[in-house]
Amino acid sequence: MLDIQLLRNDLEGVASRLKARGFDLDTAMIAALEAERKSLQTRTQELQAKRNSLSKSIGVAKAKGEDVTPIMAEVAGLGDELKANEDALSRLQDKFNALLMGIPNLPHESVPAGKDSDENVEVSRWGEPRKFDFQVKDHVDIGAGLGLDFESAAKLSGSRFAVLKGGIARLHRALAQFMLDVHTREHGYIEVYVPYLVNADSMRGTGQLPKFEEDLFATFKNADEKLYLIPTAEVPVTNLVRDEIVPGESLPLKFVAHTPCFRSEAGSYGRDTRGMIRQHQFDKVEIVQMVKPEDSYRVLEELTGHAEAILQKLGLPYRKMLLCTGDMGFSSAKTYDLEVWLPAQNTYREISSCSNFESFQARRMQARFRSDKNKPELLHTLNGSGLAVGRTLVAILENYQNADGSVSIPEALRPWMDGVDKLS
RNA sequence: GGAGAGGUGGCAGAGUGGUUGAAUGCACCGGAUUCGAAAUCCGGCAUACAGGUUCUCCUGUAUCGGGGGUUCGAAUCCCCCCCUCUCCGCCA
């Protein structure tokens, strides 16, 4: 959520920055709503003040044993207008709030302008894609002989699910454990285990709701209370600080969580239908930080580096992309995507997304910190995939495949695989 | 699932319709005392929003788990919901 003060003070400026990310802000409508709000609110508060003081004087008069009927008569006249004003104000505020919740974050000034992913900017590249002296297979074909089973998954649940058996399931588990261990041991994150079902408040806090309900899976706790399956650990982990005022000295808070993620993938029919790239359910290790505002851009670089470290340890070639204004997520002010090399597709594919949300999520969540005796201040939130486990599995299968159909295990991962150096 | 108790400020904990945004204690901040510290004493100390003033405040409104209701007036009464604790049952 944007700062409403910013909207009031610099509506046109906000509109033009939003335009850069392809969002049209109806400034005339907002200005009109704002003018109406101002007069309604002033009038309502006036009436409330009058009622309060009259009510108070009734109490005083009664205590003295005086006759209160004249005051009662006076206050009775207020009732209808006050109620009408209160109702109108609350309707207007609901409307304004709904509008505000639907406005995306402002892009940081360092974000390049652009329409879509074609205009993202490559920042750096790491590793050399391997030269194969045989015909490379994609992960589906390689995995078929190693326990990657889409037919069973289709029987159980339909399309966009996978069953892993044997060594490949083991590899999947090892990857998650490896990532968790690196982030906790080397990068200073605290491991957290969190619920996979969360309420609507949590989804609103991080920005998935109200706009993107169709991307989520939901279930019902009872007839009128819906719970959502998390599309990323970002949701439960970031919401740990919702409605909290944390001591300034406790920042930065650094959390890492390994969770399954559930996405309906509505609107992506036909895209990445083959294989494990785009699933309804996948595992991800997510790193999250809550920091002071002045630190958040330094931390974005640091956090992205933590995700890169996993790719480097695994020896997977990747490139780091700075997303342009038109390709960023709804809540983000600046995002780096890490794209891993997939030889069978002969291209780089997203495996991590690292974002600084500045105070956008914190404002929705009322997540604040207090330094000394200063007033509470909104903190900044960041997160990144460190990494998407399923896609990392795909990358290893494809990059470490051998001519005989076996797959080598990256050196760094072997301690998590009981020393196994090859799946066959 | 059954029975009972409870949710109040950073924390603990009073408060069952009327100058209560809320006693008291702890914590915290400023000052006094002290060579300095502890102890003691004095004062301050919630959040959001609006209006005024504009870097310092003033005024108003809302907020005592959430929502709705009664009333001139609700932390306090009524209804619904959520959560926590204790006991019993069930259970990975």
Side-chain angles (χ1 to χ4, degrees), chain A residues 1-9 11 30-31 33-101 193-205 209 219-228 236 239-251 253 359 361-379:
Chain A
M1 193 158 81
L2 297 181
D3 183 356
I4 192 156
Q5 304 294 356
L6 191 62
L7 228 58
R8 286 178 183 144
N9 297 334
L11 187 55
I30 289 182
L33 277 179
E34 170 60 10
E36 195 185 344
R37 186 228 99 224
K38 199 162 175 170
S39 74
L40 258 182
Q41 182 162 357
T42 318
R43 181 64 186 150
T44 303
Q45 293 191 351
E46 245 170 53
L47 291 168
Q48 286 170 328
K50 197 162 172 193
R51 179 207 56 199
N52 288 347
S53 75
L54 285 175
S55 291
K56 204 170 261 183
S57 61
I58 290 174
V60 173
K62 271 198 168 173
K64 291 190 205 153
E66 293 169 1
D67 179 24
V68 297
T69 45
I71 318 179
M72 296 282 272
E74 195 179 350
V75 81
L78 278 148
D80 287 348
E81 192 191 352
L82 179 56
K83 181 107 176 72
N85 271 277
E86 280 176 337
D87 289 350
L89 181 62
S90 104
R91 272 198 306 275
L92 189 119
Q93 279 173 332
D94 287 349
K95 192 170 163 189
F96 204 103
N97 205 41
L99 195 91
L100 209 56
M101 290 291 275
Y193 170 81
V194 291
Y196 304 154
L197 295 172
V198 300
N199 56 33
D201 280 341
S202 296
M203 287 295 186
R204 273 191 288 269
L209 288 181
T219 184
F220 288 87
K221 187 179 180 189
N222 56 52
D224 46 25
E225 197 177 355
K226 203 189 249 188
L227 288 179
Y228 295 88
N239 274 280
L240 287 172
V241 292
R242 172 155 54 86
D243 294 322
E244 300 285 339
I245 300 175
V246 303
E249 60 268 25
S250 69
L251 299 179
L253 291 168
S359 58
Q361 294 180 327
R363 189 169 294 106
R364 289 170 162 244
M365 293 190 299
Q366 280 303 299
R368 294 167 293 176
F369 71 97
R370 192 198 299 271
S371 295
D372 301 324
K373 59 172 181 166
N374 294 330
K375 282 172 74 79
E377 193 180 343
L378 293 171
L379 45 76

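A, B, ... follow the sequence lines: proteins, then strands. Residue 1 opens every chain.
- Straight-line distance from the NZ atom of A:K83 to the C1' atom of B:rG68: 11 Å, rounded to whole Å.
- Here the side chains of A:N97 and A:M1 are in contact, with some heavy-atom distance below 4.5 Å.
- Contact of the A:I30 side chain with the A:L11 side chain is registered, since non-hydrogen atoms from C-beta on lie closer than 4.5 Å.
- Atom-to-atom, CG of A:L40 to P of B:rG51 comes out at 13 Å; the value is rounded to the nearest Å.
- Two residues are said to be in side-chain contact when any heavy atoms from C-beta on lie closer than 4.5 Å; A:L253 and A:L240 fail this criterion.
- The pair A:E86-A:K83 does not count as a salt bridge, with every side-chain nitrogen at least 4.0 angstrom from each carboxylate oxygen.
- Between the NZ atom of A:K50 and the P atom of B:rG51 there is a distance of 22 Å, given to the nearest Å.
- For the P atoms, the distance from B:rA46 to B:rC11 is 14 Å, rounded to whole Å.
- In terms of position along RNA chain B, the nucleotide closest to A:G59 lies nearer the 5' end than the nucleotide closest to the other residue of the pair A:G59 and A:T42.
- You'll find that the side chain of A:Q41 is closest to B:rC49, out of B:rU19, B:rG18, B:rC49.
- For the pair A:R242 CZ and B:rC83 C1', the computed distance is 13 Å after rounding to whole Å.
- For A:K62 against B:rG18, a side-chain-to-base donor-acceptor contact under 3.5 Å is present.
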Could you walk me through whether A:R91 and A:D87 pass salt bridge (Lys or Arg N to Asp or Glu O under 4.0 Å), step by step? CA-CA 6 Å; A:R91 272 198 306 275; A:D87 289 350; 5.2 Å; no
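- Applying the 4.0 Å criterion to OP1 and OP2 of B:rG60, one finds that A:N52 has every side-chain N and O outside that range.
- The nucleotide whose nearest atom lies closest to any side-chain atom of A:Q45 is, among B:rC49, B:rG18, B:rA62, B:rC49.
- Using P as the reference atom, B:rC87 and B:rA22 are 39 Å apart when rounded to the nearest Å.
- The interatomic distance linking A:R363 (CZ) with B:rU47 (C1') rounds to 16 Å, in whole Å.
- Here B:rG60 is the nucleotide among B:rG51, B:rU19, B:rG60 with the atom lying nearest to any side-chain atom of A:A49.
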Structure string for RNA chain B in dot-bracket form, Watson-Crick and G-U at under 3.5 Å, | interchain: ((((((((.[[[..)..(.....]]].(((((.......))))).(((((((....))))))).[[[[[..)....]]]]])))))))....
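- We find that CG of A:D3 is positioned 13 Å from C1' of B:rA48, with the value rounded to whole Å.
- Considering only side-chain atoms of A:P376, the nucleotide from B:rU47, B:rC49, B:rG51 that sits closest is B:rU47.
- Remark: the A:N199 side chain and the A:S202 side chain contain an N/O donor-acceptor pair separated by less than 3.5 Å.
- Among the heavy atoms of the strands lying under 4.0 Å from A:R368 are primed sugar atoms or P, OP1, OP2 only; no base atom is included.
- A:D201 pairs by the salt bridge (charged side-chain N to carboxylate O under 4.0 Å, His left out) definition with A:R204, not counting sequence neighbours.
- Within 4.0 Å of A:I58, counting heavy atoms only, lies at least one base atom of the nucleic acid.
- B:rU84 and B:rU8 are spaced 15 Å apart, taking the C1' atom of each and rounding to whole Å.
- Comparing the C1' positions of B:rG4 and B:rC91 gives a spacing of 23 Å, expressed to the nearest Å.
- The residue A:E244 sits apart from the nucleic acid: no heavy atom pair falls under 4.0 Å.
- The side chain of A:V75 lies closest to B:rC72, out of B:rG60, B:rC72, B:rC49.
- Atom pair A:I245:CD1 and B:rA48:P shows a separation of 8 Å (rounding to whole Å applied).
- Comparing B:rC72, B:rG60, B:rG21 against the side chain of A:K56 picks out B:rG21 as the nearest.
- Rounded to a whole angstrom, the distance from the P atom of B:rG25 to that of B:rC81 is 40 Å.
- Residues A:S55 and A:R51 form a side-chain contact, since some pair of their non-hydrogen atoms from C-beta on lies under 4.5 Å apart.
- The CD1 atom of A:I4 sits 12 Å away from the C1' atom of B:rA48 (whole-angstrom rounding).
- For A:R51, taking side-chain heavy atoms from C-beta onward, the closest of the listed nucleotides B:rG60, B:rC49, B:rC72 is B:rC72.
- Annotation: B:rG13 and B:rG69 have their C1' atoms spaced 30 Å apart (nearest Å).
- Between A:Q366 and A:E86, the one whose closest nucleotide on RNA chain B sits nearer the 5' end is A:Q366.
- Rounded to the nearest Å, the gap between the P atom of B:rU19 and that of B:rC29 is 33 Å.
- By the 4.5 Å heavy-atom criterion applied to side chains, A:M101 and A:R364 are counted as neighbours.
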